[in-house]
Amino acid sequence: MAQRYVRIQNQEGQIYYGLLQPSFNVQVLDAPPWLEGQPTDLILTPENYHILAPCAPSKIVAVGKNYADHAAEMGTPVPSEPLIFLKPPTTIIPSESEIKYPPQSQRVDYEGELALIIGDRVFDCTPEIAQTKIWGYTIANDVTARDLQKKDGQWTRGKGFDTFCPLGPWIVRELNPGARLQTFLNDDTNPVQSACIDEMVFSPDVLVSYISQVMTLLPGDVVLTGTPEGVSPMQVGDRVRVEIEGIGRLENTVATR
């Protein structure tokens with residue numbers, strides 16, 4: 001099993017980065033792992049911590065319509081270059097937390113995605129260099145108030161509500177380029193989304209390079225790489241689970257705000 005890097009909070013409220021062991025004990029690091037955090041002698045047992053989202057980024061840069069089938073289901077062509085937008089860091093919640101359904105919206109969709117964690121400051125770089133700046137990978141759900149996205153014409157409100165970016169549960173360093181991403185609703189064993197991440201229109205290194213030509217990415221920043229076809233509304237009480245082979249599962253319940 002790949003090494004899993006977590007961010008946790010102990011019973012006293014202190015936040016740490018750490019290495020998740022097979023026993024679910026966490027060996028605490030002395031700094032974020034992408035800042036060369038080293039293992040300490042502090043070990044926390046499962047009853048003495050809870051898992052947070054795996055990073056606290058300065059920004060979340062997301063990519064729209066990066067799978068051809070999803071662009072088609074949205075009734076739009078595949079963009080000729082990456083279509084990027086921002087989600088505020090306040091959208092982030094960890095696995096097992098509640099997605100809050102905003103009263104302003106009548107349609108809130110799930111969007112299962114691969115998320116990239118940036119490990120080093122990067123600006124105006126080539127795809128080759130960009131690949132070296134991707135420190136690791138985790139799972140995201142780019143929750144979207146679809147009706148407000150369409151109504152507003154730009155995406156800030158529809159993508160930006162608090163709790164609209166479940167992220168986690170941990171970060172891995174390596175990922176098979178053909179890993180499968182799947183999204184499940186409630187107890188249905190048939191996925192509502194299923195695609196291999198190598199079906200992206202623009203690959204992770206190209207995305208990071210493109211974004212770096214617009215804005216500086218900082219260590220710990222998150223890039224959401226787009227969702228495959230199969231997006232659909234969630235209802236209050238639904239449980240949505242996003243799985244990526246080689247990472248794990250991100251699971252959240254939808255609740256009233």
Side-chain angles (χ1 to χ4, degrees), residues 1-58 60 89-99 110 112-120 131-143 163 165-184 197 204 217-225 239-253:
M1 178 180 292
Q3 181 64 67
R4 296 170 291 179
Y5 293 83
V6 293
R7 183 169 158 266
I8 59 172
Q9 187 171 33
N10 69 9
Q11 293 176 329
E12 290 72 43
Q14 296 167 303
I15 295 174
Y16 300 102
Y17 290 89
L19 297 167
L20 185 66
Q21 300 173 342
S23 63
F24 287 94
N25 289 345
V26 171
Q27 183 173 24
V28 170
L29 303 177
D30 60 10
W34 43 89
L35 298 181
E36 301 184 358
Q38 297 300 308
T40 69
D41 294 332
L42 179 59
I43 304 289
L44 295 180
T45 57
E47 63 271 17
N48 290 312
Y49 71 84
H50 67 271
I51 291 184
L52 305 174
C55 60
S58 76
I60 306 158
T90 47
T91 57
I92 292 178
I93 57 171
S95 187
E96 303 299 335
S97 290
E98 292 180 337
I99 298 166
Y110 57 79
E113 307 200 6
L114 172 68
L116 315 176
I117 309 300
I118 301 301
D120 189 18
Q131 184 61 49
T132 70
K133 306 294 186 178
I134 299 171
W135 191 87
Y137 306 88
T138 190
I139 306 170
N141 186 349
D142 177 20
V143 180
T163 77
C165 189
L167 191 71
W170 43 66
I171 300 167
V172 300
R173 297 296 314 272
E174 305 292 336
L175 191 65
N176 185 328
R180 183 164 291 277
L181 182 160
Q182 294 185 301
T183 305
F184 299 85
I197 59 176
L217 292 167
L218 301 176
D221 279 353
V222 174
V223 175
L224 307 187
T225 59
R239 193 162 183 84
V240 60
R241 183 175 82 252
V242 186
E243 297 185 358
I244 298 179
E245 291 176 324
I247 303 178
R249 62 171 58 181
L250 171 71
E251 194 162 349
N252 301 88
T253 300

Within this structure, what is the [atom1]-[atom2] distance for the pair [X] and [Y], rounded to the nearest 0.5 Å?
{"X": "L114", "Y": "I197", "atom1": "CG", "atom2": "CD1", "value": "5.0 Å"}
{"X": "Y16", "Y": "Q9", "atom1": "OH", "atom2": "CD", "value": "10.5 Å"}
{"X": "L52", "Y": "I93", "atom1": "CG", "atom2": "CD1", "value": "12.0 Å"}
{"X": "T183", "Y": "E113", "atom1": "OG1", "atom2": "CD", "value": "9.0 Å"}
{"X": "T40", "Y": "D30", "atom1": "OG1", "atom2": "CG", "value": "7.0 Å"}

Specify the closest pair of heavy atoms between [X] and [Y], including all atoms of both residues, with the distance to one decimal.
{"X": "P54", "Y": "G168", "answer": "CD-CA, 3.6 Å"}
{"X": "C55", "Y": "V222", "answer": "SG-CG2, 3.5 Å"}
{"X": "G220", "Y": "P57", "answer": "O-CB, 3.2 Å"}
{"X": "P94", "Y": "I51", "answer": "CB-O, 3.8 Å"}
{"X": "P166", "Y": "L250", "answer": "O-CD2, 3.5 Å"}
{"X": "L167", "Y": "A115", "answer": "CD1-CB, 3.9 Å"}

For a quick check under 3.5 Å, do N25 and T45 share a side-chain donor-acceptor pair by atom type?
no
So, for W135 and Y5, is the gap between ring centers shorter than 6.0 Å?
yes
Could you give all pairs that pass the side-chain hydrogen bond (donor to acceptor under 3.5 Å, both in side chains) test and reach residues 239-248, with sequence neighbours left out?
E96-R239, R239-E251, R239-T253, R241-E243, E243-R249
Derivation and outcome, ring pair (Phe, Tyr, Trp, His ring centres under 6.0 Å), residues Y17 and W34:
CA-CA 10 Å; Y17 290 89; W34 43 89; 5.3 Å; yes
